[in-house]
Amino acid sequence: MDVADVRDLEWKKFSEPGIFNSVRNIAKFRLVVKLGYTGRWQENKDEARKISQKLYYHLLRTLHACGFHQPEDLEVLHGEGKFRISYADPEYGFIITVTETGWVEVERDGSSLERFHEWYVSLMPAMQNVLNTIRSCIREELGESAGLRRADSDELESIAMQQAHYEFQIIGYRFRRANSRESSVNSELMKRAFVLLPDAHGRLAPSGDQDPKAFGRISYMVNRWVGPEEAKRRENYQVSAPSNNEWSSLWFTFTYIGDSFVSPEGVRSPFSEKDFVSPKGAVVPYVDFFRDRAIRGFVATLTDGYEFVTTPDILP
């Protein structure tokens, strides 16, 4: 899909028939960023409050620009070593958590995939400025206590983004073969990912011969590196088949990760944060990875020939 800015991505262009008839909900979304500084605000909590206050007012302006016109739902909560800004709007709500060790997490609970799309294309373009506001607030309020002064001058050091990732979670349940009224247990589908599973003696044996009720949980996870050498990205595909609710569900977690890369020759390349969190950068994790490879590729392949539904929350 030729979209240069996530704000130009309409729902009708993003969605299509096929797997989207089953995948109608997303259970959770997270954007997690690690900022490179060594500060602490345990001894002086006024610093945390100043940072959170500046971020709060920046978010008020951001919400207005995004069309999320419920400013009274924005609230700041302080905890030990962190603060949290919660936007409790029932349709466009999210939480931003900032820790004293430099972790920033943007989290959104489940909703319909269409409502999530509206939220994502509205808020994600603003996340670059939100993160830059957090960085500038840390530099201003923590200063030398965070080790941000350059050794050769009085200038404040810039705060780099050391790693970051987008995480999408889907919960599917009520699986049954097409044109069948009988439900299927989750391990039946997982056998497509696992040819062998450990038997009662711990030996790897054909998965098709084993009793699905013998397993408490079956999990599959794989990482793939994608992209050019100078801007490698890591994709994580994970699915779990738990035994609760009568082996009825599959829990998918798909993560698009920006991190340092070690080549087969042992050469380490630093994480390139350019366009990772920006109106342009938000397209690839959402469209190329989550939609095309995770849903239309991974989920569609694993569930081919089955009907199922998804849930935006806990299983009913």
Close aromatic pair by centroid cut-off 6.0 Å: Phe29 and Trp119 | yes
Quick one: CZ on Arg234 to NE2 on His165, what's the gap to the nearest 0.5 Å?
-> 9.5 Å
If the plane angle is over 60° it's perpendicular, under 30° parallel, otherwise tilted; pick one for Tyr120 and Phe168.
-> tilted
Under 4.0 Å between a Lys/Arg side-chain N and an Asp/Glu carboxylate O for Arg293 and Glu235?
-> yes
Say whether, by atom type as modelled, one donor and one acceptor occur between the side chain of Arg108 and the main chain of Gly93 under 3.5 angstrom.
-> yes
If you draw a 6.0 Å radius around CD in Glu72, do more than 12 non-hydrogen atoms from other residues or ligands fall strictly inside?
-> yes
Between Glu307 and Arg174, is there a side-chain N and carboxylate O pair less than 4.0 Å apart?
-> no
Heavy-atom closest pair, residues Ile95 and Ser86 | CG1-OG, 3.9 Å
May I ask you to decide whether Lys50 forms a salt bridge with Glu140, counting only side-chain N to carboxylate O separations under 4.0 Å?
-> no
Step by step, work out the side-chain contact (heavy atoms from CB on, under 4.5 Å) result for Tyr166 and Phe276.
-> CA-CA 10 Å; Tyr166 294 78; Phe276 195 81; 3.5 Å; yes
Check ion pair Glu273-Arg135 (N to O, under 4.0 angstrom) | yes
Shared hydrophobic cluster for Leu60 and Val76 (ILVMFWY, side-chain gaps under 4.5 Å) = yes
Using atom types as modelled and distance alone, determine if a side-chain donor or acceptor of Arg233 lies under 3.5 Å from a backbone N or O of Gly227.
-> no
Look at Arg115 together with Glu91 and state whether they make a salt bridge at an N to O cut-off of under 4.0 Å.
-> yes
Roughly how far, to the nearest 0.5 Å, is OG of Ser136 from CD1 of Ile51?
-> 9.5 Å
How about Phe254 and Phe298: are their ring centres within less than 6.0 Å of each other?
-> yes
Rounded distance [0.5 Å steps], CD in Gln169 versus OG1 in Thr255 | 9.5 Å
Using the ring of each side chain (for Trp, its six-membered ring), is Tyr256 parallel, tilted or perpendicular to Phe289, with breaks at 30° and 60°?
-> tilted
Give a yes or no answer on whether the side chain of Arg291 reaches the backbone of Phe14 with a donor-acceptor pair at less than 3.5 Å.
-> yes
So Val32 and Val104, side-chain contact (heavy atoms from CB on, under 4.5 Å) or not? Walk me through it.
-> CA-CA 6 Å; Val32 181; Val104 180; over 6 Å; no
Backbone N or O of Leu9 within a donor-acceptor pair of the His117 side chain at under 3.5 Å?
-> yes
For atom CG of Asn179, decide whether the heavy atoms of other residues, nucleotides or ligands shown that lie under 6.0 angstrom number more than 12.
-> no
